[in-house]
Amino acid sequence: MVAFALVTGVASPVLASAALAAPGPARHLSTLAYAPPQVHGRAVYLWDATTGKELLDKQAGKRMPVASLTKMMTAYIVLREANLDDEVTIKREDVEYAEDNDGTTADLEPGDTLPVHELLYALLLPSGADAAHALARVYGPGVPGFVGKMNATARQLGLNDTLYVNADGLPTSHGDGYSTARDQARLAEIALRNPVFKKITSTSHHSTEDGRYDWYNTNHMLGLPGAIGVKTGSTNAAGFCLAFAADRGGHRLIGIILGENVANRRWDTAETLLDWASDR
């Protein structure tokens, strides 16, 4: 059994990291009726955000790229700084950025103008790098300015093992950003307090009001009981990643899978972990 502490902050409990940072095989950190299931991925973390208890930790403090889980922070900052009805005009550079870097896109068209609330669906459902670039460009202002805000916000939130280099998590010629499973779970918990973020990440399919765009969520967890998102991601360096969450039995369970090498297996792992934690 590994001891851990809770540190109460202004917003909510923050898990102390000193006793928890050691990497290694999955560790059973709570008093459960049976052993934790086998998990795959370079890092896997499961947290009961309601009680503050860590339920499973497999290298949760190891720094590694997190791919499009980066867009959770992008959405969090936009929701904090923008009005949902703000209008953003898509530029050709937004579209070309996604295409030139082999990013997933929301198929946005240059010259189209969309309100922020629609672009957040474009960002979080199909994981549009074009939407991420447009939002960062406008609310930085400029992408470098926005990335600066991302890193400043990470420090403010206590995500001390997180570094962002762009608004989308794509690899760059000057290096990738990084985070940890524990930091990403903390960020997901904070972001999910915003009802707009929670609604969007819990949506399987969204069509814009004018009918121009139709987006489907890349997250296959939404059919599970109590599921509320959160985000998928993948790059060659990061592997297949998943931030998932569910409200069950009065508890909000939040999990992170990083560095999985089989795309579909992360869904099975997440479902197994949620069921295991719900039965404790």
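Values reported hereafter were calculated over all heavy atoms of this structure, with side chains retained and with hydrogens, waters and symmetry mates removed. In what follows, residues are counted from 1 in the order of the sequence shown.
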*With Phe197 as reference, evaluate Leu120, Val78, Leu124, Ile190 under the side-chain contact (heavy atoms from CB on, under 4.5 Å) test and give the passing residue.*
Leu124
_Less than 4.5 Å apart, side chain to side chain, heavy atoms only: is that true for Ile257 and Thr269?_
yes
*Side-chain donor-acceptor pair present, Asp214, His205, cut-off under 3.5 Å*: yes
*Check whether any side-chain heavy atom of Lys91 sits under 4.5 Å from a side-chain heavy atom of His133, and report yes or no.*
no
_So Asn217 and His206, do their side chains get closer than 4.5 Å, heavy atoms only?_
no
*Taking a hydrophobic cluster as the set of Ile, Leu, Val, Met, Phe, Trp and Tyr residues connected by side-chain heavy atoms closer than 4.5 Å, whether directly or through intermediates, do Val165 and Val143 fall within one such cluster?*
no
*Examine distances only and state if a side-chain atom of Ser179 and a backbone atom of Asp183 form a donor-acceptor pair shorter than 3.5 Å.*
no
*Would you give the length of the straight line joining atom CG of Leu157 to atom OG1 of Thr162, rounded to the nearest 0.5 angstrom?*
9.5 Å
*Basic-acidic side-chain contact under 4.0 Å: Lys53, Asp48*: no
*For Ala129 and Ala98, work out which heavy atoms get closest and say how close.*
CB-CB, 3.9 Å
*asked:* Can you tell me how far apart OG (Ser202) and CE (Met221) are? Round to the nearest 0.5 Å.
replied: 12.5 Å
*Donor-acceptor side-chain pairing of Thr201 and Lys231 below 3.5 angstrom*: no
_For Leu224 and Arg248: C-alpha separation, side-chain torsions, deciding distance, then whether side chain to side chain contact (heavy atoms under 4.5 Å, CB included) applies._
CA-CA 10 Å; Leu224 299 179; Arg248 294 189 181 182; 4.0 Å; yes
*From Gln184 atom CD to Met64 atom CE, the distance as rounded to the nearest 0.5 Å*: 11.0 Å
*Val138, Leu79: one ILVMFWY side-chain cluster at the under-4.5 Å cut-off?*
yes
_Within 6.0 angstrom of Asp210 CG, more than 12 heavy atoms from elsewhere_ = yes
*List the steps and the verdict of salt bridge (charged side-chain N to carboxylate O under 4.0 Å, His left out) for Asp112 and Arg212.*
CA-CA 10 Å; Asp112 278 359; Arg212 283 182 294 172; 3.5 Å; yes
*Looking at side-chain heavy atoms only, is the closest gap between Leu159 and Arg186 below 4.5 Å?*
yes
*Can you name the closest pair of heavy atoms from Gly169 and Thr235 and give their distance?*
O-CG2, 3.9 Å
*If you measure only the distance, is there a donor-acceptor pair under 3.5 Å linking the side chains of Ser68 and Ser127?*
yes
*NE2-CD distance between His40 and Glu260, expressed to the nearest 0.5 angstrom*: 7.0 Å
_Please check if the number of heavy atoms outside Gln156 that lie under 6.0 Å from its CD is greater than 12._
yes
*Please tell me if the side chains of Val44 and Ile256 come closer than 4.5 Å, counting only heavy atoms from C-beta onward.*
no
*Within the distance-only criterion (no hydrogens, no angle test), does the side chain of Arg155 pair as donor or acceptor with the backbone N or O of Ala152 below 3.5 angstrom?*
no
*Glu54 versus Trp47, closest heavy-atom pair with distance*: N-CD1, 4.2 Å
*Answer with yes or no whether the side chains of Glu87 and Thr113 bring together a donor and an acceptor at under 3.5 Å.*
no
*asked:* Would you say Leu125 ends up clustered with Val196 if hydrophobic residues are merged whenever their side chains have heavy atoms under 4.5 Å apart, either directly or through other cluster members?
replied: yes
*asked:* Out of the candidates Thr104, Asp102, Asp176, Asn101, only one should pair with Leu170 under the side-chain contact (heavy atoms from CB on, under 4.5 Å) rule; please name it.
replied: Asn101
_Any donor-acceptor N or O pair under 3.5 Å, side chains Asn219, Thr232_ = no
*Ignoring hydrogens and geometry, is there a side-chain-to-backbone donor-acceptor pair from Thr70 to Asp168 under 3.5 Å?*
no
*asked:* Between Leu69 and Phe240, is there shared hydrophobic-cluster membership here, with clusters defined by ILVMFWY side-chain heavy atoms closer than 4.5 Å?
replied: no
_Closest contact, heavy atoms only, Cys241 versus Pro65_ = SG-O, 4.4 Å
*Is the count of non-hydrogen atoms from other residues, nucleotides or ligands lying under 6.0 Å from Arg92 atom CZ greater than 12?*
no
*Shortest non-hydrogen contact from Ile77 to Phe146?*
CG2-CE1, 3.7 Å
*Are any non-hydrogen side-chain atoms of Tyr213 and Leu108 less than 4.5 angstrom apart?*
yes
_Looking at Asn151 and Tyr164, would you say the former's side chain and the latter's main chain have a donor-acceptor pair under 3.5 Å?_
yes
*Same cluster for Leu242 and Leu222 if Ile/Leu/Val/Met/Phe/Trp/Tyr side chains link at under 4.5 Å?*
no
*Is it true that a side-chain atom of Glu118 and a backbone atom of Glu209 form a donor plus acceptor pair closer than 3.5 Å?*
yes
_Verdict with reasoning, Tyr45 to Leu56, per side chain to side chain contact (heavy atoms under 4.5 Å, CB included)_ = CA-CA 5 Å; Tyr45 182 65; Leu56 185 139; over 6 Å; no
*Kindly indicate whether the side chain of Val66, heavy atoms from C-beta on, has any atom under 4.5 Å from the side chain of Met72.*
no
*Give, for atom CD1 of Ile90 and atom CG of Asp130, the distance between the pair rounded to the nearest 0.5 Å.*
7.0 Å
*Looking at Leu273, Val230, Ile254, Ile228, which hits side-chain contact (heavy atoms from CB on, under 4.5 Å) with Phe244?*
Leu273
*Modelled atom types, side-chain donor and acceptor of Arg80 and Thr153, under 3.5 Å*: yes
*Evaluate the side-chain proximity of Tyr139 to Val88: yes if any heavy-atom separation is below 4.5 Å, no if none is.*
yes
_side chain to side chain contact (heavy atoms under 4.5 Å, CB included), that's the test. Do Tyr121 and Lys199 meet it? Break it down for me._
CA-CA 10 Å; Tyr121 280 98; Lys199 177 183 177 182; 3.7 Å; yes
*Interatomic distance, Asp161 atom CG to Arg63 atom CZ [nearest 0.5 angstrom]*: 4.5 Å
*Atom of Thr74, atom of Ala167 and distance for their closest heavy-atom approach*: OG1-O, 2.6 Å
*Check against side chain to side chain contact (heavy atoms under 4.5 Å, CB included), Glu93 and Arg137*: CA-CA 10 Å; Glu93 66 185 87; Arg137 174 176 54 78; 3.5 Å; yes
